[in-house]
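These notes concern the structure reproduced below.
Values below: every heavy atom of this structure, side chains too, minus hydrogens, waters and symmetry copies. First listed ligand is number 1; within each ligand, the first listed atom is number 1.
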Amino acid sequence: MSHVFHRHTHAALPVAARGEGVYIIDSNGRRYLDASGGAAVSCLGHSHAGVIAAIKKQLDSIAYAHTSFFTNQPLEELADALIESAPAGLQRVYFVSGGSEAVEAGLKLARQYAVERGESQRRHVIARRQSYHGNTLGALATGGNEWRREQFRPLLIDTHHIAPCYAYRDQRPDETAEAYGLRVADELADKIEELGADSVLAFVAEPVVGATAGAVPPVPGYFRRIREICDEHGVLLMLDEVMCGMGRTGSLYACEQDGIAPDLLTIAKGLGAGYQPIGALLVSEKIFATIRDGSGFFQHGHTYMGHPTACAAALAVQHAIRDEGLLNNVMAMGERLDAALRARIGDHPHVGDIRGRGLFRGVELVADRHTKAPFDPGRKVNAMIKKEAMARGLMCYPMGGTIDGRRGDHVLLAPPFIINAAQVDAVADLLGQTLEAVLL
Ligand SMILES: Cc1ncc(COP(=O)(O)O)c(C=O)c1O
């Protein structure tokens, strides 16, 4: 009997024994093609020699040193590397151990920044329905997925949610993509005015929505309008790139493709590529300077922040992305994956939408592709797909509640950046076989 409290208490899980490129191999020797990077984590696959060597080398010098006593070399170098290509204005990096911690740090820093500027009346956080920002209480309160929030609602801080930018469902037939984007972005202005502009701290959004909606990119112009609205009202813009950042969409930072820069930006997942747990909050010079010239102390912190071994791993990941030209491969293989999916499952009667950017792709499943009616949630289509795909040796990331936290199903694909053309084609084919087995 296992003494582990697994997340699903009845699941009989295979034992991951080895990693080999884009494959995970279980203790029975079965190979699984990792088309989701776990949950968009393993961007370098499972056996990257450079990252493994960097971790071993770091362990031979210093494994851990608490950041209230010391800084360390990989921490400093990683911050330099991240800032070198960061969106304009982001100048400082606050390291943590994962995505939820990065979001929590961002929320608290937004609040402390307001307090130190003499704006202690600012307290409201606005985010979007159908977003996911993590599972700790502040991050969960910020996220807009009703199913994830529901039973914990009495413990959650008050937050406010506006519409997502979800063209497949919400763009009107008589509306251009740009007009749709402006319409939904303007919901932020309305919400800020409703709450009182000087009481709002921050707006939080994923540039490309991941876990809860299935790789939903914004329409052109949406985030430029969001940036304008935040600036007009003195509201901080925090972009959550925990899933879509660090090269996943083809640029190191996802928001580059939308032509904007936030005040706060969270990353994790691909930052450590699964070789070490690490996350980070990137902060504008304006915010950093306010704290530096004010209290001089951000009233936050965790035991493992700036962990030397985690930073050494993440630094090696950055070097691999640069030295192996992986962002080019993300773009090329991303296009190929999109084309392969369209060719293999584009005409499937239950495929409603294929979308995404780079190696971050989503397939939305529907009961009827003409009316876009979703499957009955009771059928648990997404769970069946996950099980069937695993039986065929394919790891993908299906999820339900795509539309409103309850209805809708999608499959998220986020394979390693090292994937090749034959493996991309195999992903599309195995997913096609899976959909045929479950849905036809
Ligand atoms: C956009 C986003 N933010 C935050 C998180 C939380 O990250 P973690 O699971 O590392 O706490 C996730 C995880 O899926 C995420 O996708």
Side-chain angles (χ1 to χ4, degrees), residues 7 36-43 94-108 110 125 127-145 147-149 152 156 159 161 164-166 202-218 223 237-249 253-255 258 262 264-282 302 304-305 307 310 313-314 317 356-362 382 395-402 405 410-414:
R7 53 174 88 201
S36 58
V41 172
S42 302
C43 60
Y94 187 86
F95 286 101
V96 290
S97 301
S100 302
E101 280 189 10
V103 171
E104 296 289 338
L107 296 173
K108 284 182 71 180
V125 172
R128 300 187 298 177
R129 292 191 292 277
Q130 281 316 89
S131 56
Y132 181 57
H133 297 296
N135 263 334
T136 51
L137 291 174
L140 187 63
T142 304
N145 181 276
W147 171 75
R148 292 176 197 246
R149 293 161 51 90
F152 301 106
L156 302 180
T159 51
H161 293 97
C165 185
Y166 185 11
F203 175 64
V204 185
E206 297 161 82
V208 181
V209 185
T212 44
V216 178
F223 271 109
L237 176 60
M238 175 154 116
L239 292 181
D240 182 352
E241 298 206 0
V242 164
M243 193 176 259
C244 62
M246 293 293 98
R248 177 58 51 205
T249 63
Y253 296 93
C255 63
D258 299 291
L264 298 154
L265 184 146
T266 54
I267 50 176
K269 293 188 184 271
L271 176 60
Y275 289 87
Q276 288 285 295
I278 183 166
L281 172 71
L282 277 66
H302 294 287
Y304 294 120
M305 58 189 294
H307 195 288
V317 172
R357 286 182 183 168
L359 281 174
F360 198 38
R361 299 280 162 180
N382 59 86
M395 290 167 61
C396 58
Y397 188 179
M399 190 53 75
T402 317
H410 65 262
V411 179
L412 187 67
L413 298 171

Report, one line per pair, each donor and acceptor closer than 3.5 Å where one atom sits in a side chain of residues 237-245; sequence neighbours left out.
residue, atom, partner, partner atom, Å
D240, OD1, V242, N, 3.0
D240, OD1, T266, OG1, 2.9
D240, OD2, H133, ND1, 2.7
E241, OE1, A254, N, 2.7
E241, OE2, A254, N, 3.2
E241, OE2, C255, N, 2.8

List the steps, then state whether side-chain contact (heavy atoms from CB on, under 4.5 Å) holds for V411 with N382. CA-CA 7 Å; V411 179; N382 59 86; over 6 Å; no
Checking side-chain contact (heavy atoms from CB on, under 4.5 Å) for the pair F203/R128: CA distance, chi angles, key distance, verdict? CA-CA 9 Å; F203 175 64; R128 300 187 298 177; 3.7 Å; yes
Please check if the side chain of Q276 supplies one atom and the backbone of L271 the other of a donor-acceptor pair under 3.5 Å.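 Between the backbone of L271 and the side chain of Q276 there is no qualifying donor-acceptor contact (under 3.5 Å).
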With rounding to the nearest 0.5 angstrom, report the OH to CD distance, Y132 to E206.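 Rounded to the nearest 0.5 Å, the OH-CD separation comes out at 10.0 Å.
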Interatomic spacing from CZ in R149 to OG1 in T142 - rounded to 0.5 Å: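 Here the rounded value is 8.5 Å.
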Show the short N or O contacts, below 3.5 Å, that ligand 1 makes with protein N or O atoms; if there are none, say 'none'.
residue, atom, partner, partner atom, Å
ligand 1, 3 (N), D240, OD1, 3.3
ligand 1, 3 (N), D240, OD2, 2.7
ligand 1, 7 (O), S100, N, 3.4
ligand 1, 10 (O), G99, N, 2.8
ligand 1, 11 (O), S100, N, 2.8
ligand 1, 11 (O), S100, OG, 2.6
ligand 1, 14 (O), K269, NZ, 3.0

